[in-house]
Amino acid sequence: MIQFILLFSRQGKLRLQKWYTSQTEKSKKKITRELIATVLSRKPKMSSFLEWKDLKIVYKRYASLYFCCAIEQEDNELLTLETIHRYVELLDKYFGSVCELDIIFNFEKAYFIFDEFILGGEIQETSKKSVLKAINDQDVIQEEELEEKRSVLEDLGLA
Amino acid sequence: MKFPDLSMSTPVRLRDLIRQIRSAKTAAEERAVVQKECAYIRDSFRDEDNTWRCRNVAKLLYVSLLGYPAHFGQLECLKLIASTRFTDKRIGYLGAMLLLDERQDIHVLITNSLKNDLNHSNQYITGLALCALGSICSPEMSRDLGGEVERLMKSTNPYLKKKAVLCAVRIIRKVPEQFDVFQNSVRSLLTEKNHGVLLTATALVIEMCQQNTHALQSFRKLVPNLVRILKTLIMSGYSPEHDVSGISDPFLQVHLLRLLRILGRNDSEASEAMNDILAQVSTNTENSKNVGNAILYETVLTIMDIKSESGLRVLAVNILGRFLLNNDKNIRYVALNTLLRVVHVDQNAVQRHRATIVECLKDADVSIKRRAMELCFALINPNNIRTMTNEMLEFLGTCETEFKADCTSNMFLAMERFAPSKRWHVDQMIKVLTTAGNSVRDDIVSSLIGIISSSSDLHGYTARQLYKIIRNDITQQPLVQVGSWTLGEFGDLFVNGQYEQPHGEEHIQVTENEITDILERVLNWSISTVVTREYAINALMKLSTRFPNCSDRIQSIMTYYACNMNLELQTRAVEYTSLFTKHNIIRPSIVERMPVLISNSSSNPNANEQQEQIYQEENPSNDAQINHVPPNEPVVDLLKLLDEPIQTNGSIHPHEQQQNPLSSNPLTDLLFGDDISHNHLNNNIIPPMVALDKNGLRIVFTFEREDTLLTIHSKATNATQYPITNFIFKAAVPKTFTIELYPPNSTIIPANNSGEIHQIIKILNPNKDKLRMRIKLNYLFNNSSMGDEAELNTFPEQCYN
C-alpha cells in the first residue's frame, strides 16, 4: 500500500500531502522535511527510486512539481510510477492542461480527485472515465447547492 | 433560520486569501497575513457561524498545508460533517482526514456522523464517509462500523462496493480479529465484472492471505478463477476505458500477479496451475514502455517466488537480462534489485549477464552502483576470480568513499575463498589496500596479516612488495600497518635476499638501515595514527635482534619514546627499553619469529579470535596486561568461593588502550571482602530480559552475576528480510556504576534470524543501586542509516539487589 504521498515544488513548498498511516504532526513535518531535501538533491541522471528507512520512495517530476510516493517493500515500483502518471492525467483532464497554479488555487479539488482514485493507500478505480464522472457529479451537486444559497441570500437582500 | 451577522462583512474568499499569501514578499509578511486571518477564523468559529464555516475551514486547511497550526479547526470539521449540505460534508471530511488522526480523542466523535452517512441515500455522501473511514479509522471505529462496511460490500452499486472493500482492507489491518466479518463476502466479489471491484477485491484477498494462513489455503482454490480473469484481460481486445498504452488495465494485471505469487508460494499444485499464464504474460507483454515493464517485473517476481518449472525461470532471468540493457535507469535498477534476490538461489542463471552487470558499476546512480557491486560479488566463482578482481579493483579506484569499506571487505572475502594462489592473493590484497586508502575496516588489516603469516614461502617476497610501496608513500594507514608488521617480522629475509625475485621487476637491494629508516619515519610522522605507530614501534623492536647492526639505534629510539605524550606508546617504549637493559637476556626469545598464525577457516573477517591472537603475541612483554590475564581464574583457584566457574570470555582485552578497571576490583573485593561468598547468587536465577524489540531487531540480555560484578550477554537478532550491517551498540549507565563493553563478535546481523551478534557487557555496581541503562544503536539497514535509543529500567532485581 501507499504509506503517504507528497507533492512539492522545486523550491520545497508543499502543495499536497496525504498520509495513510497514523503519525504525529511533528513526525510528519520531520519526514516531509527530510524527504523533500533528499529528493531535491537528486541529480537528473539518477533513478526515480530510493530506499528510505524501511520504505521505497518513488518520485517523478512533472514540470515544476515533484510527486513523491512512499510504498512498502512488496509493492511494485514501476507500477507506482504508472499510478503517479494516472493521477497527473486525471488532474490534466479535469483542469485542462494542469499547471502548478491550478493545484495551488484548487487544492481541495486536487484532494477530491485523489480520493476518488486512491483510498486507504490502495487504488480503487482504474477507469479514468469513472473517476472523472464521480468528480463531475459531485461538482454538480455542489453547484446546485451554491445556486440555492445564492438565491436565498438574494431573496433576503443580503447577497 | 439564523441570519448571518450583518455587522461582519463576508469573510475573505479562499482564492483571495491564497493570492494575498502568495503576494507576501517576506516570510514575516506571510506570517502576518496568516495570523490575522486565523484570528478572524477563530472568532468566527466561536460565534458559531454556519454560513461561512465551510469557507473558513477551507482556508484553514490551506494554511495548514503551509505548515501553520490548524488544530482549532478540528471540531469545526465535525460540525461540517454533521451538516446536511453536501458542500459542507465534502470539506468537513477532507478536513477530518487532514487534521484528525486516531491518536486524538476527538476522533471518536466522528463515528456517529459516519454511521449516519454510511446509510445515506446519496451514494456520494456514503462515498465520502467510506473514504474518510478508509483513511483514518482507529481500532474502535473499526469495531463500531465494521458491520456497516460489510453491508456495503454487498451493495449492488459498484461505486460503493469498491470503496467498502478497501475500508475492509484497512479494518483488518488495524483489527485483525475483524477478519471473520469479511471473510465470506470476498469470494463473490471476484466474480464481478467491474474492474474497480475486482482490483479492490484482489487487494482484500492479498491482505487476508498475509494475515491468516488458513485463509491462504482456502483461497488457493481460487487460482483457476484468477488465471481466467488474467487471461481475459490479456486476450480481450482494446478497451478504451482501462487501456494504458495498449495494455489492458495494467494495475489489475499486476495485482492479480501478486496474488498469484502469494498463492503459489510453496505449493506445487497452485504453481502448476499458473505456469501457462505466466509464460503467456512474459512473452506477450509489450516491453517498450514502462507500463509493460511493470507487468513483466511483477511476473518475474512471481515466477521466481513460486515453484515454477526451470524453463519458466530461464525466461524470467532473460527478461531481467533484457531489463539490464534498457536505456531507462529505473528498469535497470529494478532488474539489479531482483537479480540480487535471484543470484542467491540460482547463480548460474545470472552468470550469463555478468558482463552487463559489470558495466552497471559505471552508472551515475549511486543505488544502481551499489546493487551492481553486491551482485558482482555474489557472482564471483573460481573461474572468474581473476577477471572479476581486476574489475572490482578498477571500480574501487573510482567509486565513492561510501563504497570503499564494503568493497574491500568483500574483495577480501572473495579472495579468501577463491584465490588461485597465495602469491596472487597477497599481490591483489596489496593492490586493494593501495587503492582503497584509509577506507579499510580494521579487521581486514589483521586478516591480511594472518594470510601473510600463513604463507611461509612468501614472507620475504611480501616484505619486498610492501617496502616498495611504503618507501614512497606512508599516508595510507592500513597499508602502512600491514607493511610495518611485515617488515618487522620478515625484514631480515628481505635484506638477505631470501625470497623469490618477481619476474620483470628491478632488483631492490636494501640495507638494514634503510628499513629502520622507514619504520622510524612512520613512527615519527605526526599524521600516522596511533595504531599505525604502535605497529611501527613493535616492528622496530623485532628488528633489534634481526638487524644486530641497528640494535643501538633502535634502543635509542625506544629511549626517546619512553617520554612520549601518548600513554600507549610510552608504555611500550618503557618496557622495550627494559628489554634492552634489565632483561636483555630474554630479548631474543621474546621477539623471535612468530609461529604461523592459524587463520580462521571461516570466511568471516569480523571474527575476533585472530585479533586477540595477534595482539597477545604483539605484547609479550606488556607487564600491565599479564596481571589482567584471566582476572578471575586465579581467584577461584585460591579461594574456591564460587560453585560455578565464571565466564572468562574475551578476558584478554584486544583493545590495549582500554584500562581494565573492572578486572582489578573483583580481585581486591574477593581478597578483602568477607561477605562476598554469602552474597553470591546462583547465576541461573536471573531471568533474561528483552532490551529491544523493534522493527525486526531484537536484543536479548542474559545475565551472570558475581556480587557487584554483573556480566551481561547481549544477543542481537534480525527477523527482517534484509541484513543489518555496521551495527554499533553503545551503552551508558548512571555515575555510580562502571561499565565495560567488550567488542562484539561481528557487526553484521544476517536476515531472517539466521545469525546473531553476541556482545559482552560488564557492569560494576559497588553501591548495589538499581540498574538503569541507556542504550544507543546505529546500523545500516537496507542502505539507510538507522539509529535507535532506549532507556532500560526494568532489569530483573537479581541483577543488582
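Here is how names work: the chains are called A, B, and so on, in the same order as the sequence lines, proteins then strands, and each is numbered from 1.
- Looking at A:T32, neither its backbone nor its side chain comes within 4.5 Å of chain B, counting heavy atoms on both sides.
- Remark: B:Q74 CD to B:L60 CG distance equals 9.5 Å, nearest 0.5 Å.
- Among B:A364, B:C131, B:S135, the residue with the largest count of heavy-atom pairs under 4.5 Å with chain A is B:C131.
- A donor atom on one side chain and an acceptor atom on the other are found under 3.5 Å apart for B:Y124 and A:D137.
- The distance from atom CG of B:L199 to atom CG of B:L256, rounded to the nearest 0.5 Å, is 8.5 Å.
- Taking non-hydrogen atoms and a 4.5 Å limit, the residue list of residues 107-115 of chain A in contact with chain B, ordered by number, reads A:F107, A:E108, A:Y111, A:F112, A:D115.
- Nearest heavy atom pair, residue A:C68 against residue A:I57, reads SG-CG2, 3.5 Å.
- For B:H255 against B:T202, the heavy-atom pair with the smallest separation is O-CG2, 3.6 Å.
- Note: B:N330 leads B:N337, B:N330, B:I18 in heavy-atom pairs under 4.5 Å with chain A.
- If you measure heavy-atom distances from B:R258 to chain A, the contacts under 4.5 Å come from the side chain alone.
- With a 4.5 Å cut-off on non-hydrogen atoms, B:L61 touches chain A through its backbone and its side chain both.
- Interface residues of residues 4-18 of chain A toward chain B, defined by a heavy-atom distance below 4.5 Å and sorted by number: A:K13, A:L14, A:R15, A:L16, A:Q17, A:K18.
- Heavy atoms closer than 4.5 Å to chain B are found nowhere in A:T80, neither backbone nor side chain.
- With hydrogens and angles left out, the side-chain atoms of A:K56 and A:Q73 include no donor and acceptor closer than 3.5 Å.
- When all heavy atoms are compared, the tightest approach of B:C54 to B:I91 is SG-CG1, 3.6 Å.
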